[in-house]
There are 2 protein chains.
Amino acid sequence: MGQVRAEIVAVGTELLLGQISNTNAQWISEQLAKYGIHTLYHSVVGDNLERVSNTFEHAGKRSELVFVTGGLGPTDDDLTREAFQIITGFHLIEEPASMHKIEGYFKRANRQMTLNNRKQARIFEGAYVLSNEVGMAPGMIIDYDDTTWVFMPGVPREMKHMLSTVALPHLKNKLHLNAVIQSRMLRFIGIGESQLEHDLKKLIVNQDNPTIAPLASEGEVAIRITAKAATKEIADDMLNQTEQEILAISGSYFYGYDEETIEQKVVSLLKESTRKIAAAESLTGGKFMDKMVAVSGASSVCQGGIVCYATSVKQKVLGVSDQTIKTHGTVSKQCATEMAENVMKKLDASIGVSFTGVAGPDESEGKKVGTVYIAISQKGSPTVVKEYTFSGDRETIRNRTVKKGYELLWQQIKKNYESAR
Amino acid sequence: MGQVRAEIVAVGTELLLGQISNTNAQWISEQLAKYGIHTLYHSVVGDNLERVSNTFEHAGKRSELVFVTGGLGPTDDDLTREAFQIITGFHLIEEPASMHKIEGYFKRANRQMTLNNRKQARIFEGAYVLSNEVGMAPGMIIDYDDTTWVFMPGVPREMKHMLSTVALPHLKNKLHLNAVIQSRMLRFIGIGESQLEHDLKKLIVNQDNPTIAPLASEGEVAIRITAKAATKEIADDMLNQTEQEILAISGSYFYGYDEETIEQKVVSLLKESTRKIAAAESLTGGKFMDKMVAVSGASSVCQGGIVCYATSVKQKVLGVSDQTIKTHGTVSKQCATEMAENVMKKLDASIGVSFTGVAGPDESEGKKVGTVYIAISQKGSPTVVKEYTFSGDRETIRNRTVKKGYELLWQQIKKNYESAR
């Protein structure tokens, strides 16, 4: 069988009220991708017989494989079976093993079983039963026209267990799935999404297998490359080849793979070069150091920092000279430079980084909101200081400042480290 | 206008790969419910021109109001405009204000604007433009046949801001919505969800209108009360009455309303009592101070702090005595006490708070992962120091520590402040 096109229908009014997010669809899509099944649509419909059956009809027309979650429970608004019956005319029968299990549950709990609980044991005649090991209602797989339908409970824990242990193994045989899909994320910083896409345009346009997909996130860009092949080894070789082509063009912005963060990368580089860092933070208020301390193992490279939010702390604790503050103000290259150099010395570190600027909402010292200075001082090198203008609200400006700090630090350490080798 | 039936279409392959969940649909549904708009369907479709236009066509046939998120960005796989054009034939024009903004962004960032960025400023002729205050691509509202279409960016931050500030106010007028559903969130800290629910059981069981719904979140609990009435005034009166009943029972844990955070509450209390705070942070690495600096206006109460991650920083910069560290270790009541008292003095503050503990993954100084000490020193009062044991991974322990710090601080300031009046 070639490419299988799937869709996922979630049944349940609670999803439409905004009480919960349809995380089931996300999780199922992720599992299917591993089997080479492409999910083309997600939909959510409420507990209304007509709307559910219309949604099923539409899904059956456009997809070869439809996963339905929810609506299999005991209450009157569980309508998945009835809606499917409307379009197929299939007969419902009571599944003995499931019925036995439900009766046993009420017996053990010493509770009277209400009649509506029998509903849960009903399956379509001829369906492949998906036993529910962690709940009551069984799921089922059944064909209609050219579509394979997979019905599962809406409770995430029950659905996940059923999909992994019984539904996917059955589908793998039934649909002869044998392709292997491997995917890899390449992470870049210091270049915008549109610029990176522009630089890689030739590669992206000619993409087919592997596919190349850029994804922007705050302050950085990732590229997901995905290959399909008969074996994992072949797929990995294809990914290696594509990765080389991408890095030959944009390698200088590349910092890591998959879930790696720029903070982790900086911590590993510091570890490798056995250096220790300290930070002086004004507008970032401790956010830079917090993100570094979040990395497990940061203790071997991270001395700490001084959050010098008030001017008096910059002067008295950090030792920024009164003259600098009087002449240039606290939001200045000069102040940033002294902050980075002094925090390095005071905290016995080999690298000092500093952040000063205007997070807003109001201007400060005649400097516009978003004006930021970042300085990096390294033992034996001249201090590097840069000016930036960030847009956004207070928190966005502070986040962008920290991200830019990691970007700058990564570039500086890399440069210093490489030239030392 | 009577009952409005809406649906939400999300465009973006990343949602179908299982990388992210469609939280936008959840959030929009929740907002619409407040205006009495019922969401009947959610759908997700990938970045494929034919499938997006088919999905739009289907949505237009069954719903009077369609919200579309995503696909308005600069890259080649942003196809929302093109797909809508296929079914409507509407003309696209460049919106001058948005174009101006995009150009300004690149100019300020000192970056070359690639051509594909112009795409983002295109709107349909005659559309009502939804300006994007926190990003680049504008949204728009336009009618076709009997359906009103609302297009918004897929980035949650941009979409949320646009929906709340410009799209919903416009729709309220346009669709003559006269919803009178009022809701209010009451925020509690220092009490668990089940305890609060137990204490309020009588009220909750008898609820009908207003409804009372407890919602747990990390380290605190909120209660949403929602009233339905003929006018806003009547609904508000009903909410006031219910609020009084709730606070008569659990008022001592109540700190604020709606989106207010415990950090904001602490900042206002410090402002009112004209006091200044400083923090000494070990395992929290600056997170406590960062959260305070995030509050606009924190500068009038926040001196700064010392991130004393390394032991040498605790000793040399903060002045914790060698004897204390030798006898009790850095993870101890004694060390926390000295940290809080010293940071208060060193940074000229009237309150000092400190955090020391083991965030993991490994034990430290023979203390188990999750052992945490928090101390609060106030001028003219004895220092308060508490021991906690938190569970979870490194980041969870650090987050819980900071939250507990704010809870403790709120209680202490409140006590001190109230006794001074």
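Any value given below was found using the heavy atoms of this structure, including those in side chains, with hydrogens, waters and symmetry copies removed. Quick note on labels: first sequence line is chain A, next is B, and so on, each numbered from 1.
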Of the listed residues (B:G73, B:S43, B:A294), which shares the most heavy-atom pairs with chain A below a 4.5 Å separation?
-> B:A294
Can you find a pair of side-chain heavy atoms, one from A:Y41 and one from B:T55, that are under 4.5 Å apart?
-> yes
Which atoms of B:L15 approach chain A - backbone, side chain, both or neither, heavy atom under 4.5 Å | backbone
Can you say whether A:S194 sits under 4.5 Å from chain B via the side chain, the backbone, both, or neither, judging by heavy atoms?
-> both
Checking heavy atoms, do the side chain of A:E218, its backbone, both or neither come under 4.5 Å from chain B?
-> side chain
At a heavy-atom separation under 4.5 Å, does A:V295 approach chain B through its side chain, its backbone, both, or neither?
-> backbone
Counting only heavy atoms closer than 4.5 Å, note whether B:R51 contacts chain A via side chain, backbone, both or neither.
-> both
Can I get a per-line list of side-chain donor-acceptor pairs under 3.5 Å for residues 277-289 of chain B, giving both atom names and the distance, sequence neighbours left out?
residue	atom	partner	partner atom	Å
B:E281	OE1	B:T284	OG1	2.7
B:E281	OE1	B:G286	N	3.1
B:E281	OE1	B:K287	N	3.2
B:E281	OE1	B:F288	N	2.9
B:E281	OE2	B:M289	N	3.0
B:S282	OG	B:K314	NZ	3.0
B:K287	NZ	A:D290	OD1	3.4
B:K287	NZ	A:D290	OD2	3.1
B:K287	NZ	B:E395	OE2	3.0
B:K287	NZ	B:N399	OD1	3.4

Find the one option among B:K316, B:R157, B:R111 whose heavy-atom pairs under 4.5 Å with chain A are most numerous.
-> B:R157
For B:Q112, does the CD atom sit with more than 12 other heavy atoms under 6.0 Å from it, leaving out its own atoms?
-> no
Among the options A:I20, A:N48, A:T389, pick out the one with the most heavy-atom pairs lying under 4.5 Å from chain B.
-> A:I20
Note: A:S391 and B:R108 closest approach over all heavy atoms is CB-NH2, 4.1 Å
Under 4.5 Å from any heavy atom of chain B - which part of A:D348 = side chain
At a heavy-atom separation under 4.5 Å, does B:Q19 approach chain A through its side chain, its backbone, both, or neither?
-> both
Atom OH of B:Y105: over 12 foreign heavy atoms under 6.0 Å | no
Counting only heavy atoms closer than 4.5 Å, note whether A:V45 contacts chain B via side chain, backbone, both or neither.
-> both
Using a cut-off of under 4.5 Å on heavy-atom pairs, state which of B:L347, B:D77, B:N110, B:D47 scores highest against chain A.
-> B:L347
What part of B:N22 lies closer than 4.5 angstrom to a heavy atom of chain A: side chain, backbone, both or neither?
-> backbone
Taking all heavy atoms of A:R398 and all of B:V293, pick out the closest pair and write down the distance.
-> NH1-CG1, 3.3 Å
Regarding A:T23 and B:S21, is there a side-chain donor-to-acceptor distance under 3.5 Å anywhere?
-> no
Highest number of heavy-atom pairs under 4.5 Å with chain A among B:M292, B:E30, B:R394 belongs to B:R394
Do the side chains of A:E193 and B:T75 get nearer than 4.5 Å, heavy atoms only?
-> yes
Side chain, backbone, both or neither: which part of A:S296 has a non-hydrogen atom closer than 4.5 Å to chain B?
-> both
Could you look at A:T311 and say if it's the side chain, the backbone, both or neither that has a heavy atom under 4.5 Å from chain B?
-> neither
Give the member of A:Q31, A:H42, A:K276 that has the highest number of heavy-atom pairs under 4.5 Å with chain B.
-> A:H42
So, the part of A:H58 with a heavy atom under 4.5 Å from chain B: the answer is side chain
List the atom of B:V317, the atom of A:K346, and the distance in Å for their closest heavy-atom pair.
-> CG2-O, 3.7 Å
Which of residues 297-305 of chain A get closer than 4.5 angstrom to chain B, counting heavy atoms alone?
-> A:A298, A:S299, A:C302, A:Q303, A:G304, A:G305
For A:L17, is it the side chain, the backbone, both or neither that has a heavy atom under 4.5 Å from a heavy atom of chain B?
-> backbone
Option from A:I8, A:T39, A:L32 for which side chain to side chain contact (heavy atoms under 4.5 Å, CB included) with B:L16 holds = A:T39
Under 4.5 Å from any heavy atom of chain A - which part of B:D76 = both
